[in-house]
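Reading through the C-alpha cells given below for one structure.
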Amino acid sequence: MTRSLFIVDVQNDFTEGGALGVAGGDDVARRITSYLADHRGDYAVIVASRDWHDADSDNGGHFAAGEPDFVHTWPVHCVAGTPGAEYDDHFDTSAVTHHLKKGQGEPAYSLFEGATEDGRTALQLLEEHGVLDIDVVGIATDYCVRASALDAIAAGRHVRVLTDLVAGVAPDSSQAALVEIAHAGGSLATSVD
C-alpha cells in the first residue's frame with residue numbers, strides 16, 4: 001500500500017467561530033472523521049497539519065500590523081498553545097499517524113512546510129513509507145489545501161483532492177484552486193468514488 005491521506009489544517013480558528021473560520025468547516029471535520037472510520041486501512045500514512053504560529057512575533061509578516069489584506073497578511077490566528085490552534089472538536093485524530101506543525105515564526109500554507117515533533121518533513125515521511133499516491137482533504141481549499149496539493153504534485157506524487165472533504169474561504173477562489181490543481185496534474189474525486 002503506497003497511499004497517504006493529507007488532512008490540512010482542520011483547526012478551531014479555521015472552522016465556524018474561529019479567527020478565520022470558513023463556512024462548512026465543522027461539517028468537513030465531521031465528514032473527515034466519518035471517512036477515517038471507514039477508510040483508515042486504505043492508507044499507509046495519515047498526516048494531519050496545523051498552523052502553529054508564534055505568539056510573540058508577526059510570524060514573518062504573516063500577522064497584519066494593521067488591517068489585513070487577506071492575501072499576504074491575516075488577523076492573528078492559530079497561535080501555538082491556544083484553543084484556536086487545536087484541532088476542531090469534530091475531528092477525531094485517533095487514526096492520524098503523523099502530526100505536522102507549520103508556520104512557526106513564518107508564513108506557511110503547504111503541509112510540506114511543516115515538520116513533526118522529531119523534525120521529519122512530509123516529503124521524508126512519504127519517502128520512508130514509499131508513498132506514491134496522496135489524497136488531500138481539509139481547510140481551506142483556496143489556500144492551504146491548494147498549496148499542499150500543488151507541492152505534492154511537484155514532489156512527483158499522484159494527487160487526488162476529495163472535493164466533498166474540503167471547505168474554502170470563497171466559492172470562486174475555491175473553484176479556481178481546484179481547476180489549478182487539476183491543470184497541474186491532480187485529480188478531483190469525492191470520498192465515495
Side-chain angles (χ1 to χ4, degrees), residues 1-11 14-16 20-36 38-51 62 69-72 74 88 91 95-98 100 102-103 107-114 121-127 129-193:
M1 175 174 38
T2 63
R3 182 172 292 280
S4 177
L5 180 66
F6 280 2
I7 305 167
V8 181
D9 300 357
V10 181
Q11 296 171 262
F14 296 139
T15 56
E16 287 84 352
L20 288 170
V22 302
D26 284 335
D27 190 44
V28 161
R30 286 185 198 94
R31 284 186 274 137
I32 290 170
T33 293
S34 177
Y35 178 76
L36 282 171
D38 295 334
H39 295 277
R40 71 190 303 168
D42 296 349
Y43 298 100
V45 181
I46 300 173
V47 180
S49 68
R50 279 186 289 175
D51 261 10
H62 193 61
D69 64 15
F70 296 97
V71 176
H72 303 292
W74 304 91
D88 184 270
F91 172 36
V96 174
T97 61
H98 299 85
L100 300 176
K102 60 187 180 66
Y109 296 90
S110 173
L111 181 147
F112 282 82
E113 296 175 89
T121 65
L123 188 56
Q124 287 171 322
L125 293 172
L126 296 175
E127 290 173 354
H129 295 276
V131 171
L132 301 175
D133 301 293
I134 301 170
D135 289 342
V136 182
V137 302
I139 303 170
T141 311
D142 33 357
Y143 290 94
C144 297
V145 168
R146 173 192 167 274
S148 300
L150 291 174
D151 280 354
I153 293 166
R157 274 33 183 211
H158 303 110
V159 173
R160 184 173 69 159
V161 175
L162 302 181
T163 59
D164 58 328
L165 300 181
V166 295
V169 173
D172 289 347
S173 54
S174 294
Q175 183 59 36
L178 294 174
V179 168
E180 182 181 5
I181 292 163
H183 183 71
S187 62
L188 306 177
T190 69
S191 61
V192 295
D193 288 345

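Atoms CZ and CD1, on Arg160 and Ile181 in that order, are 14.0 Å from each other to the nearest 0.5 Å. Annotation: the span from Asp42 atom CG to Leu5 atom CG amounts to 9.5 Å, rounded to 0.5 Å. The line from CG of Asp151 to OG of Ser110 is 3.5 Å long, rounded to the nearest 0.5 Å. The structure places CG of Leu132 at 11.0 Å from OG of Ser4, a figure rounded to the nearest 0.5 Å. Considering CZ of Phe112 and CG of Leu123, their distance stands at 6.5 Å, rounded to 0.5 Å. Put simply, CZ on Arg146 and OG on Ser173 are 10.5 Å apart, with the number rounded to the nearest 0.5 Å.
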Might you work through the side-chain contact (heavy atoms from CB on, under 4.5 Å) test for Leu36 and Phe91, ending with a clear yes or no? CA-CA 10 Å; Leu36 282 171; Phe91 172 36; 4.0 Å; yes
Would you check, one step at a time, whether the test side-chain contact (heavy atoms from CB on, under 4.5 Å) holds for Asp88 with Asp26? CA-CA 7 Å; Asp88 184 270; Asp26 284 335; 2.6 Å; yes
Should Val45 and Leu126 be marked as a side-chain contact (heavy atoms from CB on, under 4.5 Å) after you check the CA-CA gap, both sets of side-chain angles, and the distance that decides it? CA-CA 8 Å; Val45 181; Leu126 296 175; 5.9 Å; no
Check the pair Tyr143, Phe70 against ring pair (Phe, Tyr, Trp, His ring centres under 6.0 Å), reporting the backbone distance first and the verdict last. CA-CA 11 Å; Tyr143 290 94; Phe70 296 97; 9.5 Å; no
Kindly determine whether His129 and Tyr43 satisfy ring pair (Phe, Tyr, Trp, His ring centres under 6.0 Å), including the steps that lead there. CA-CA 11 Å; His129 295 276; Tyr43 298 100; over 10 Å; no
Kindly indicate, with the supporting measurements, whether the criterion side-chain contact (heavy atoms from CB on, under 4.5 Å) is fulfilled by Ile46 and His98. CA-CA 6 Å; Ile46 300 173; His98 299 85; over 6 Å; no
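Remark: the backbone N or O of Gly21 is not paired with any side-chain donor or acceptor of Glu16 at under 3.5 angstrom. Checked by atom type and distance alone, the side chain of Ser34 never pairs as donor or acceptor with a backbone atom of Arg30 at under 3.5 Å. Counting only distance, with no hydrogens or angles, the side chain of Arg157 and the backbone of Val131 share a donor-acceptor pair below 3.5 Å. Here the side chain of Asp135 pairs no donor or acceptor atom with the backbone of Val161 at under 3.5 angstrom. The backbone N or O of Ala177 lies less than 3.5 Å from no partner atom in the side chain of Asp142, so there is not a single donor-acceptor pair. In this structure a side-chain-to-backbone donor-acceptor pair under 3.5 Å is missing from Glu127 to Gln124. Judged by distance alone, with hydrogens and angles left aside, the side-chain atoms of Ser49 form no donor-acceptor pair with the main-chain N or O of Leu100 at under 3.5 Å.
A 4.5 Å side-chain heavy-atom check between Val145 and Phe6 finds every atom pair outside the cut-off. With a 4.5 Å cut-off on side-chain heavy atoms, Ile32 and Ile7 count as touching. Between Leu162 and Val136, the closest side-chain pair of non-hydrogen atoms is not below 4.5 Å. Contact check for Thr15 versus Ile139: side-chain heavy atoms found under the 4.5 Å cut-off.
Under the 3.5 Å distance criterion, with hydrogens and angles disregarded, no donor-acceptor pair is assigned to the side chains of His72 and Asp69.
The minimum heavy-atom distance linking Asp51 with Ala108 is given by the pair OD1-O, 3.6 Å. Heavy-atom minimum distance, Ala167 versus Val22: CB-CG2, 3.9 Å. The two atoms that bring Thr141 and Gly168 nearest to each other are OG1-N, 3.4 Å, heavy atoms only. The shortest heavy-atom contact between Gly185 and Ile153 is C-CD1, 4.3 Å. In plain terms, the two heavy atoms of Leu150 and Glu180 that are nearest each other are CD1-OE2, 3.5 Å. Considering all non-hydrogen atoms of both residues, Ala122 and Leu111 come closest at CB-CD2, 3.5 Å.
Heavy-atom contacts from other residues, nucleotides or ligands closer than 6.0 Å to CG of Asp172 number 12 or fewer. Surrounding NE2 of His158 are at most 12 heavy atoms belonging to other residues, nucleotides or ligands under 6.0 Å away.
One finds a salt bridge joining Lys102 and Asp9 here, because a Lys/Arg side-chain nitrogen approaches an Asp/Glu carboxylate oxygen to under 4.0 Å.
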